[in-house]
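The figures here come from the full heavy-atom set of this structure, side chains too, leaving out hydrogens, waters and symmetry mates. Here is how names work: the chains are called A, B, and so on, in the same order as the sequence lines, proteins then strands, and each is numbered from 1.
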Protein chains: 2
Amino acid sequence: MKNASQSNAAAKVREELENAIAWGEFAPGSRLDETALAARFGVSRTPIREALQQLAAAGLIEIRPRRGATVAVASPERLYEMFEVMAELEAMCARLAARRVSAEGLAALQSAQAQCARNRDDPDAYYAANEAFHQAIYRLSGNGFLASEAASLQKRLRPYRRLQLRVRNRVQTSFSEHESIIGHLEAGDGEAAAAALRDHVRVQGERFSDLVASLAQLNAA
Amino acid sequence: MKNASQSNAAAKVREELENAIAWGEFAPGSRLDETALAARFGVSRTPIREALQQLAAAGLIEIRPRRGATVAVASPERLYEMFEVMAELEAMCARLAARRVSAEGLAALQSAQAQCARNRDDPDAYYAANEAFHQAIYRLSGNGFLASEAASLQKRLRPYRRLQLRVRNRVQTSFSEHESIIGHLEAGDGEAAAAALRDHVRVQGERFSDLVASLAQLNAA
DNA sequence: ATGTCCGCTCTTGTATACAAGAAAAAGATT
DNA sequence: AATCTTTTTCTTGTATACAAGAGCGGACAT
């Protein structure tokens, strides 16, 4: 599914930085010093800079001329906006998936959901399984471009979404919402599946306050 | 609205390359030689490479390791997918815009439409005015993130969309569709505006064959 | 004439050297 | 003592030098 190890160093650096940001090693706002990164990865500044350019274009970091790179920091408003778009993209995936769903497709989805079930107790593991579940839906949409755009936005939201699952009962709720999404897809009801997925992803009401709270926690660390 | 002239050379190169690709100077599939570009822009290969990395991350070009950069070439299927996503994003903009539209907002939209009217005879000029019209709607959505994502996809579709307007009567049709979109927004009918914009953007039926035809024309040149 | 193998060239990928702006530190002035 | 100014240092931006893989062409064999 993913082109594993690129031959060039810049691509490797890019991927490792993505992970480091996703898992919170570099929190939003932290500075990314080129020389330090070069030392860390055992390469010169050149491939580091190329990786940073790509990450900036993807929106994960921000480069201000002559002032270096920092991990992108999203305001609560911007975060709300991003989740609103993500919700709509995923809803679109569901709508399309309902029309084109096949036996193998549903099997893949259910296997991803089973993986979620197995990791109910560990938020980080559940997070990974949850990502796979959503990506399965992206693929089921049958629209490859949509799938890659959704995955890219998913990546961009990683630093924040990961924390979301630490909220009390959120894992359990998420899991049962998955169930109902699967149900709508099995029934071939695209609009219901879309609505369910939209609500599943969207942050509104108390979930928004939860998000802002985790944001504060993240900035404190 | 846009941060005009960046201080660094790489950003300038990036912007110029974007335009060159948009206006067809580099057709999809053409090779982008680093040394040649360096000579053209009067800089070394370093800023050229940085610009290319960014363009690749944005999806406008493709870099294959050790084999150089080429302008991204989209298959008809992929192109259909991209327009499908674009249509949905713009529909979302319209839905949100209908809720938040103000007098100034509508005025901005109508002024953009007037600009379209003034350029009905010149496809290239109409194309620019049309882009402004759509961007006005992005902004009216009130969701800044959505607006920037839509603009980014718009940029990515430029090489193809520009040709679309050369199809017989397309400019006229496009213009009157704009009128009806404005009407729905004035009426505050989000769903109708969304549907109208979705159909306006989507390529289906004969418009898809038109697109494939212009694609072939583009590859021949 | 066609196909294959080997070497050459040309382009990309990485490292290093140098230039210039920004932050930080030291000094001067009130 | 505090603030403004100047100088120093540190980091980024760009250029150049070097290494290595990919493509091309010629020589050779069939």
- Item | Nucleotide D:dT12, atom C1' - distance to CD1 of A:Ile48 in whole Å | 14 Å
- Whole-Å distance, B:Glu34 CD to D:dA15 C1', equals 14 Å
- Query: Side chains of A:Glu131 and A:Tyr127: donor-acceptor distance under 3.5 Å anywhere?
  - Reply: yes
- Side-chain ion pair, A:Arg78 and A:Glu81, N-O less than 4.0 Å: yes
- Among the candidates C:dG13, C:dA15, D:dT14, find the nucleotide nearest to the side-chain atoms of B:Arg49. C:dG13
- So does B:Thr46 get a side-chain nitrogen or oxygen closer than 4.0 Å to the phosphate oxygens (OP1/OP2) of D:dT14? no
For nucleotides 5-7 of chain D, tabulate all protein N/O to nucleotide N/O atom pairs closer than 3.5 Å, reporting atom names and distance.
none

- Looking only at side-chain atoms of B:Arg66, point me to the closest of C:dA15, D:dG13, D:dG21. D:dG21
- Do A:Phe26 and A:Leu32 touch side chain to side chain, with heavy atoms closer than 4.5 Å? yes
- Task: Starting at atom CG of B:Leu32, determine the distance to atom C1' of C:dT12, rounded to an integer number of angstrom.
- Result: 14 Å
- A:Gln164 side chain to A:Arg161 side chain, donor-acceptor N/O pair below 3.5 angstrom: no
- Query: Would you say a side-chain N or O of A:Arg64 is under 4.0 Å from OP1 or OP2 of D:dT11?
  - Reply: no
- Ignoring hydrogens and angles, state whether a donor on the side chain of B:Asn143 or A:Glu84 is under 3.5 Å from an acceptor on the partner side chain. yes
- note: A:Arg14, atom CZ; C:dG13, atom C1'; distance rounded to Å ~ 17 Å
- Query: Looking only at N and O atoms, is any donor in the side chain of A:Arg45 or the base of D:dG13 less than 3.5 Å from an acceptor on the other one?
  - Reply: yes
- Item | Euclidean distance, atom CG of residue B:Leu52 to atom P of D:dT14 [Å, nearest integer] | 14 Å
- Message: Is it the case that the side chains of A:Tyr80 and A:Ser75 hold a donor-acceptor pair, with the cut-off being a distance below 3.5 Å and no angle test?
- Response: no
- Message: Closest approach to the side chain of B:Arg31, judged atom by atom: which nucleotide of D:dT16, C:dG13, C:dT11 is it?
- Response: C:dT11
- Is there side-chain contact between B:Leu17 and B:Ile61, with heavy atoms separated by less than 4.5 Å? no
- Message: Between C1' on D:dT14 and CG on B:Leu37, what's the gap in Å once rounded to a whole number?
- Response: 16 Å
- Message: Using side-chain heavy atoms (C-beta onward) and a distance below 4.5 Å, is B:Met86 in contact with B:Leu157?
- Response: yes
- Message: Let's see if you can work this out: which of C:dG13, C:dT12, D:dT11 has an atom nearest to the side-chain heavy atoms of A:Asp33?
- Response: D:dT11
- Rounding to a whole Å, what distance do you find between B:Glu50:CD and C:dT14:C1'? 14 Å
- Using only heavy-atom distances, decide whether a donor-acceptor pair under 3.5 angstrom links the side-chain of A:Arg67 to the base of D:dG13. no
- Query: B:Glu18 pairs by salt bridge (Lys or Arg N to Asp or Glu O under 4.0 Å) with which of B:Arg156, B:Lys12, B:Lys155?
  - Reply: B:Lys155
- Message: Without decimals, in angstroms, what is the distance between B:Asn8 CG and C:dA20 C1'?
- Response: 13 Å
- Task: Take B:Gln135 and B:Gln154 through the test side-chain hydrogen bond (donor to acceptor under 3.5 Å, both in side chains) and record every step on the way to the result.
- Result: CA-CA 9 Å; B:Gln135 280 173 6; B:Gln154 185 188 52; 2.8 Å; yes
- At what angle, to 10 degrees, do the two end axes of the helix from C:dA1-D:dT30 to C:dT30-D:dA1 meet, given five pairs define each axis? 0°
- Among D:dG13, D:dT12, C:dT12, find the nucleotide with the atom closest to the side chain of A:Thr35. D:dT12
